[in-house]
Amino acid sequence: MSKPDLVSRDYTIHLNKYVHKITFKKKAPRAIKEIKKFASKAMGTKDVRIDAQLNKFIWSRGVRSVPKRVRVRLTRKRNEDEEADEKLYTIVQHVEVTSFKGLETQTVDA
């Protein structure tokens, strides 16, 4: 495995393309599922945990009108639990930004 175990990166997720043409009452739950799927693919871990602040941000405008974009920090951490199936897990946190213009994926020093 060439990539380091513990790493943090900032991503911008364009939620609109994941919840387009989804039933109103399923938009926010689908957005959470898609964020988990995105994090799992980007970090290569099956265990993905959503931060409470990010959950609040997604649900802030209700079930129907999910924010179009969200800036998130994906952090891969070691699992402290001995009986855990996975050695590593990913925690997804919300990063507040004023504008999404010109933002790229960045590696963050943790």
Side-chain angles (χ1 to χ4, degrees):
M1 193 165 155
S2 63
K3 50 188 165 180
D5 272 0
L6 310 175
V7 68
S8 292
R9 289 192 204 105
D10 283 358
Y11 290 93
T12 301
I13 302 176
H14 189 195
L15 289 175
N16 216 37
K17 69 180 179 186
Y18 296 119
V19 297
H20 181 64
K21 289 194 172 178
I22 300 296
T23 308
F24 273 157
K25 296 295 181 181
K26 295 181 181 175
K27 280 194 178 213
R30 172 62 74 92
I32 296 291
K33 283 181 193 142
E34 291 295 338
I35 290 171
K36 281 188 170 187
K37 199 160 86 174
F38 178 91
S40 179
K41 190 175 175 186
M43 288 299 191
T45 62
K46 286 191 183 110
D47 188 3
V48 177
R49 301 170 192 183
I50 301 279
D51 188 46
Q53 294 298 107
L54 176 61
N55 194 43
K56 267 199 166 80
F57 177 73
I58 299 297
W59 284 87
S60 63
R61 290 161 39 183
V63 72
R64 288 169 52 161
S65 54
V66 174
K68 285 192 170 150
R69 287 183 178 84
V70 63
R71 186 79 172 167
V72 294
R73 177 165 294 146
L74 303 183
T75 310
R76 192 167 41 215
K77 294 187 173 184
R78 257 194 206 91
N79 216 337
E80 300 299 323
D81 190 17
E82 294 297 321
E83 302 92 51
D85 296 339
E86 297 288 318
K87 226 175 40 171
L88 301 167
Y89 71 93
T90 303
I91 187 148
V92 186
Q93 297 167 309
H94 180 232
V95 178
E96 289 189 34
V97 291
T98 52
S99 170
F100 292 100
K101 303 278 188 211
L103 290 177
E104 294 178 354
T105 299
Q106 297 176 329
T107 303
V108 182
D109 298 330

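Computed from a prediction, not measured in an experiment: that's the story for all the values here. One-based numbering along the sequence shown.
Counting only heavy atoms from C-beta outward, the side chains of Thr75 and Gln93 approach each other to under 4.5 Å. Contact of the Ile91 side chain with the Lys77 side chain is registered, since non-hydrogen atoms from C-beta on lie closer than 4.5 Å. Within the 4.5 Å cutoff, side-chain heavy atoms of Leu54 are placed close to those of Val70. No side-chain heavy atom of Thr90 sits less than 4.5 Å from a side-chain heavy atom of Asp47.
Distance OG/Ser99 to CZ/Arg71: 11.0 Å, rounded to 0.5 Å. Between atom OH of residue Tyr89 and atom CG of residue Asn79 there is a gap of 6.5 Å, rounded to the nearest 0.5 Å.
Donor-acceptor pairing under 3.5 Å is lacking for the side chains of Thr12 and Arg69.
Put simply, Tyr11 and Val66 are part of the same group of oily side chains (I, L, V, M, F, W, Y) that touch within less than 4.5 Å, one to the next. Residues Val95 and Val7 do not share a hydrophobic cluster, clusters being chains of Ile/Leu/Val/Met/Phe/Trp/Tyr side chains in contact below 4.5 Å.
Residues that satisfy the ring pair (Phe, Tyr, Trp, His ring centres under 6.0 Å) test with Phe57, not counting sequence neighbours, are His94. Residues that satisfy the side-chain contact (heavy atoms from CB on, under 4.5 Å) test with Asn55, not counting sequence neighbours, are Ile32, Ile50, Trp59.
Closest approach of Ile35 and Val92 over heavy atoms only: CG2-CG1, 3.9 Å. Of all the heavy atoms in Ala42 and Arg9, the pair that sits closest is O-NH1, 4.0 Å. Closest approach of Arg61 and Pro67 over heavy atoms only: NH1-CA, 3.8 Å.
With Met43 as the fixed residue, the side-chain contact (heavy atoms from CB on, under 4.5 Å) test singles out one of Val48, Leu88, Leu74: Leu74.
Asp51 has no carboxylate O lying under 4.0 Å from a charged side-chain N of Arg49, or vice versa, which leaves the two without a salt bridge. With respect to the salt-bridge test (charged N to carboxylate O, under 4.0 angstrom), the residues Asp5 and Arg78 qualify.
Heavy-atom contacts from other residues, nucleotides or ligands closer than 6.0 Å to CG of Asp81 number more than 12.
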Show every donor-acceptor pair shorter than 3.5 Å between a side-chain atom in residues 17-29 and any protein atom, with sequence neighbours excluded, or say none if there are none.
none

